[in-house]
Amino acid sequence: TFYIAVACAMAYLLGSIPTAVWFGKRFYGVDVREHGSGNAGATNTFRVLGKKAGAIVFVIDVIKGFASTMIAYFLLEKQVISSENFMLYQLLLGVLAVLGHIFPVFAGFRGGKGVATSLGMVLGVYPAVAALCFGVFVLVFGVSNYVSLGSITAATLFPLLLLLPAFKPENPLATVGGFILGATVVAMHHKNIKKLIKGEESKTFLFRSKDK
Ligand code: NKO
């Protein structure tokens, strides 16, 4: 129906807000995509513009994913979806926000890797799963100092958690969606994976000067 189409468009447009690009250009006069890893994400913003900028971009990118899943409440209220389908629509809207983040219409379709926005989306749909993924991210990043390795591990873990009885979604389509999301985030890291294998990936230190 009309409302579902509007909701989907809103989720994509919300995800499309290129936080890292706009924030860097507006406050630092820098397009972060021309520096560091070239990625329009929180990590590269941190790398290029510093702690404060990275943290702000991270928070806003998480909110984009979270807020997009909340649009499902509007559909529920308008009675265009039933409560049985609620979670599935949350997932659909969240994935659209992640796609918007990766392929932003407002930044020449060159966006980020979808990590922070996925985290926000998972927070909206499965908060406990989000907490576990985030915990594993912190652990892997803390030990390795590679943000990308933490992201890849968490994104791989996410769909596997949905196979556990504790988190198994009612609708198997949701599990399939989880695998597609996880695979997309991992695939967005193909350059990082190559560098990790070669030992050339840049390390990120939260409490020390800068990169490397
Ligand atoms: O510039 O290529 P780069 O080194 O910037 O960046 C690699 C990095 C890109 O991602 C980001 C976002 C950083 C967010 C850090 C905290 C995220 C913790 C998220 C774990 C949960 C993920 C769930 C995924 C479900 C599919 O990787």
Side-chain angles (χ1 to χ4, degrees), residues 15 18-21 23-24 31-49 51 53-66 68-69 90-91 94-95 97-99 101-102 110-142 144-163 167 169 174-196 200-206 210-212:
T19 321
V21 176
F23 191 83
D31 185 337
V32 294
R33 294 173 301 180
E34 288 163 10
H35 305 273
S37 68
N39 190 54
T43 307
N44 202 40
T45 303
F46 175 87
R47 188 180 285 132
V48 177
L49 303 175
K51 223 178 265 189
I56 292 170
V57 168
F58 172 68
V59 170
I60 296 176
D61 284 348
V62 171
I63 291 174
K64 291 193 305 185
F66 184 80
S68 70
T69 66
Q90 275 194 306
L91 211 60
V95 167
V98 174
L99 286 177
H101 178 80
I102 298 175
R110 280 175 53 228
K113 296 179 183 173
V115 180
T117 305
S118 291
L119 175 66
M121 160 202 166
V122 178
L123 211 56
V125 188
Y126 316 100
V129 175
L132 280 173
C133 288
F134 187 71
V136 166
F137 168 86
V138 169
L139 202 72
V140 174
F141 170 53
S144 70
N145 293 119
Y146 295 124
V147 175
S148 58
L149 190 63
S151 302
I152 293 163
T153 313
T156 307
L157 179 72
F158 169 63
L160 299 177
L161 288 175
L162 300 185
L163 299 175
F167 304 121
T175 311
V176 173
F179 272 91
I180 293 175
L181 179 70
T184 304
V185 171
V186 173
M188 292 309 297
H189 286 84
H190 65 276
K191 281 187 191 146
N192 304 81
I193 295 170
K194 275 193 195 127
K195 285 188 174 180
L196 282 165
E200 290 170 2
E201 177 69 321
S202 72
K203 292 192 173 185
T204 301
F205 298 98
L206 282 183
K210 272 216 164 178
D211 220 30
K212 264 196 182 157

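In each ligand, atom 1 is the first atom listed, and ligand 1 is the first ligand listed. Given the structure is predicted, the values throughout are model-derived calculations rather than measurements.
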Name each N or O atom in ligand 1 that is under 3.5 Å from a protein N or O, and give the partner atom and the distance.
{"unit_1": "ligand 1", "atom_1": "1 (O)", "unit_2": "Ser37", "atom_2": "OG", "d": "2.5"}
{"unit_1": "ligand 1", "atom_1": "1 (O)", "unit_2": "Arg47", "atom_2": "NH1", "d": "2.8"}
{"unit_1": "ligand 1", "atom_1": "2 (O)", "unit_2": "Lys113", "atom_2": "NZ", "d": "2.6"}
{"unit_1": "ligand 1", "atom_1": "2 (O)", "unit_2": "Asn192", "atom_2": "ND2", "d": "2.9"}
{"unit_1": "ligand 1", "atom_1": "4 (O)", "unit_2": "Arg47", "atom_2": "NH1", "d": "3.4"}
{"unit_1": "ligand 1", "atom_1": "4 (O)", "unit_2": "Arg47", "atom_2": "NH2", "d": "2.8"}
{"unit_1": "ligand 1", "atom_1": "5 (O)", "unit_2": "Ala42", "atom_2": "N", "d": "3.4"}
{"unit_1": "ligand 1", "atom_1": "5 (O)", "unit_2": "Thr43", "atom_2": "N", "d": "3.0"}
{"unit_1": "ligand 1", "atom_1": "5 (O)", "unit_2": "Thr43", "atom_2": "OG1", "d": "2.8"}
{"unit_1": "ligand 1", "atom_1": "27 (O)", "unit_2": "Ser151", "atom_2": "OG", "d": "2.8"}
{"unit_1": "ligand 1", "atom_1": "27 (O)", "unit_2": "His189", "atom_2": "NE2", "d": "2.7"}

Under a 3.5 Å distance rule, please check whether His35 uses its side chain to pair with a backbone N or O of Val32 as donor and acceptor.
no
Derivation and outcome, side chain to side chain contact (heavy atoms under 4.5 Å, CB included), residues Thr184 and Ile102:
CA-CA 10 Å; Thr184 304; Ile102 298 175; 4.0 Å; yes
Result block: side-chain N/O donor-acceptor pairs under 3.5 angstrom for residues 114-126, not counting sequence neighbours:
{"unit_1": "Thr117", "atom_1": "OG1", "unit_2": "Asp61", "atom_2": "O", "d": "3.2"}
{"unit_1": "Thr117", "atom_1": "OG1", "unit_2": "His101", "atom_2": "ND1", "d": "3.4"}
{"unit_1": "Ser118", "atom_1": "OG", "unit_2": "Gly114", "atom_2": "O", "d": "2.6"}

Is it true that Asn39 and Lys191 share a donor-acceptor pair across their side chains at a distance under 3.5 Å?
no
Can you give me every donor-acceptor pair (side chain of residues 146-153, partner residue at least two apart or in another chain, under 3.5 Å) with its distance?
{"unit_1": "Ser148", "atom_1": "OG", "unit_2": "Glu201", "atom_2": "OE2", "d": "2.6"}
{"unit_1": "Ser151", "atom_1": "OG", "unit_2": "Val147", "atom_2": "O", "d": "3.1"}
{"unit_1": "Thr153", "atom_1": "OG1", "unit_2": "Leu149", "atom_2": "O", "d": "2.6"}

Would you mind listing every side-chain hydrogen bond (donor to acceptor under 3.5 Å, both in side chains) that reaches into residues 130-139, with sequence neighbours excluded?
none
